[in-house]
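One structure below.
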Amino acid sequence: MTSTRRDSGRLAAAALSGVVAVGAGLAVGEGTAVLVSPDSSPYFAVGSAVVDHTPTAVREWAISTFGTGDKPVLFLGMAAVMVLIAAGCGVAERFRPPAGSVAVGLFAIVGVLAALDRPGSRWTFAIPSVFAGIAAILVLRILVGMLRSPSTGATSDTDATPDTDEPEGVGRRFVLTAAGIAGLAVVVGVVGRRMLADTARTIADRAGVTLPTPRSPAPPVPASANLEVPGATPFVTSNADFYRIDTALQVPNLTTSDWSLRIHGMVDTEIRIGWDDLLAMPMTERFVTLTCVSNEIGGDLIGNARWLGVPMKTLLDRVGVRPGADMLLSTSSDGWTSGTPVSVVTDGRDALLAIGMNGQPLPVEHGYPVRQVIPGLYGYVSATKWVVDWELTRFADAKAYWTTRGWSALGPIKLSSRIDRPRSRSSHRRGEVVIAGTAWAQHTGIAAVEVRVDDGSWEPAELAGDYSDDTWRQWRFSWDAQPGDHRVYCRATDKSGKRQIEDRTSPVPDGATGLDSRAYTIT
Ligand SMILES: Nc1nc2c(c(=O)[nH]1)N[C@H]1C(S)=C(S)[C@@H](COP(=O)(O)O)O[C@H]1N2
Ligand SMILES: [Mo]
């Protein structure tokens with residue numbers, strides 16, 4: 001090997017290290033953005049920043065020259081520029097360390113700034129660029145380290161080893177490592193980009209949805225449904241604060257045009273309805289309080305929202321349920337199933353095939369574009385999100401997701417109550433301490449809540465306004481607190497006269513029982 005050939009070989013290896021390192025960083029950025037937001041991807045964020053800050057004249061020229069191809073041209077151009085810069089970083093790291101790592105770090109900062117500048121960004125948008133920077137610097141150091149160290153490098157600085165003695169496996173080791181990392185980066189990058197594109201498609205689709213006006217609107221919420229007590233749970237849970245429970249590792253990314261619901265099994269006429277069919281049907285709007293069967297006593301897996309949708313019974317009437325079919329087995333686009341008694345869906349309660357939540361299209365993680373909401377049943381037997389399939393069948397013939405995993409086939413929500421304020425184990429001065437909480441017995445309604453301090457007698461709490469039997473009801477209790485350590489309990493009675501079960505049982509198999517309580521110190 002001549003000296004110039006060796007020099008250009010060293011240069012090429014260093015440049016390749018830079019390209020592979022930056023490529024690995026971008027792939028990590030794409031992969032991480034999947035968990036944050038499509039807009040947080042450093043590649044996309046920087047590209048968008050370039051578009052936004054391109055002088056109008058240049059943009060006009062690009063559009064007139066490349067037409068609708070201007071975006072691919074931009075991303076290709078960006079890729080070319082990045083390859084050049086990345087190669088430069090590799091060379092810099094090899095011959096002027098740590099200049100390459102520093103330059104890569106600066107790029108990561110540009111990514112952070114671009115991501116934080118995206119509309120609707122949150123601080124988490126910085127994470128993909130930070131991870132991308134760390135990954136790129138790590139890979140750069142590993143590869144350049146292999147080039148530099150005489151025992152493993154492709155070429156040595158000192159020329160102590162004559163060319164002919166240079167073991168062949170050394171250069172190969174660098175090439176294999178670089179190729180391995182590059183291959184992994186391509187896979188992660190391509191899969192990540194595809195998932196991000198799906199997510200972006202769903203977000204754009206959702207932004208284009210206009211919810212129809214309900215034929216039957218929800219009665220307005222009277223002021224009395226909320227307590228005027230600081231720290232009390234509001235009657236309506238915002239979409240952002242609504243608990244989320246599902247088995248989806250990656251939230252299904254459906255669009256309204258992807259969506260359809262097939263109804264089959266023990267029916268007279270099998271049908272498939274699409275989004276437009278659904279929107280043409282009369283809509284009902286109701287407040288319904290959802291609860292998860294896994295909610296522990298005192299837990300927060302409960303929320304109350306205003307849902308807009310088509311009564312599920314409308315669709316069952318349309319297909320004609322055959323005698324003997326006692327289960328509606330619903331399936332989500334990601335294969336999760338739930339089994340609901342047909343009798344519950346058809347008994348006149350507001351079981352909805354819902355498309356709206358608190359005046360918005362369903363948030364993606366709450367089932368966009370279509371989910372079920374059924375008052376009175378725990379979510380695992382009723383609230384299928386991203387629902388795409390209904391099979392009419394029999395409890396004797398079919399089992400749903402959680403029923404095959406030790407949970408009960410039937411899951412009516414258990415009457416329960418919770419203390420929400422003041423904070424557990426807080427200290428208060430003697431005199432009036434206002435205890436506040438919520439109670440629920442969906443589809444039966446709350447008739448009373450009582451509070452007990454230590455081993456004292458049960459005293460009635462003051463109930464907030466009663467909105468409906470399908471929603472929770474807030475309560476407050478004005479406690480004349482005396483010095484000492486105390487424990488405060490609450491219990492509810494529903495409108496059928498049933499009182500909350502005091503024996504503590506775990507949520508498995510059909511919901512927890514027991515009383516919520518909190519300890520307070522009074523001075
Ligand atoms: N597709 C799908 N739907 C689902 C689930 C799920 O895992 N997958 N979980 C259910 C459970 S257990 C509950 S409690 C509710 C929660 O609904 P939310 O996340 O909108 O609060 O969704 C139900 N619907
Ligand atoms: Mo649940």
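These numbers come from the heavy atoms of this one structure, side chains and all, not from hydrogens, waters or symmetry mates. In each ligand, atom 1 is the first atom listed, and ligand 1 is the first ligand listed.
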Is it the case that the side chains of Asp420 and Thr233 hold a donor-acceptor pair, with the cut-off being a distance below 3.5 Å and no angle test?
yes
Show me the pairs that pass salt bridge (Lys or Arg N to Asp or Glu O under 4.0 Å) and involve residues 185-195, at least two apart or across chains.
Glu30-Arg193
For Asp470, enumerate each residue passing the side chain to side chain contact (heavy atoms under 4.5 Å, CB included) test, keeping only those at least two apart in sequence or located in another chain.
Asp350, Pro375, His443, Ser468
Under a 3.5 Å cutoff, is there a donor and acceptor pairing between the side chains of Trp386 and Glu365?
no
What I want to check is whether the side chains of Ser517 and Arg487 have a donor and an acceptor closer together than 3.5 Å.
yes
Quiz: residues 287-297 side-chain donor-acceptor pairs under 3.5 angstrom, not counting sequence neighbours:
residue, atom, partner, partner atom, Å
Thr289, OG1, Asn304, OD1, 2.9
Thr289, OG1, Trp472, N, 2.9
Thr291, OG1, Gln442, NE2, 2.9
Asn295, OD1, Asp300, N, 3.2
Asn295, OD1, Leu301, N, 2.9

With a 4.0 angstrom cut-off on heavy atoms, strictly below it, pick out the residues next to ligand 1 and order them by chain and number.
Phe242, Tyr243, Arg244, Ile245, Asp246, Thr247, Cys292, Ser332, Asp334, Trp336, His366, Arg371, Gly379, Tyr380, Ala383, Thr384, Lys385, Trp386
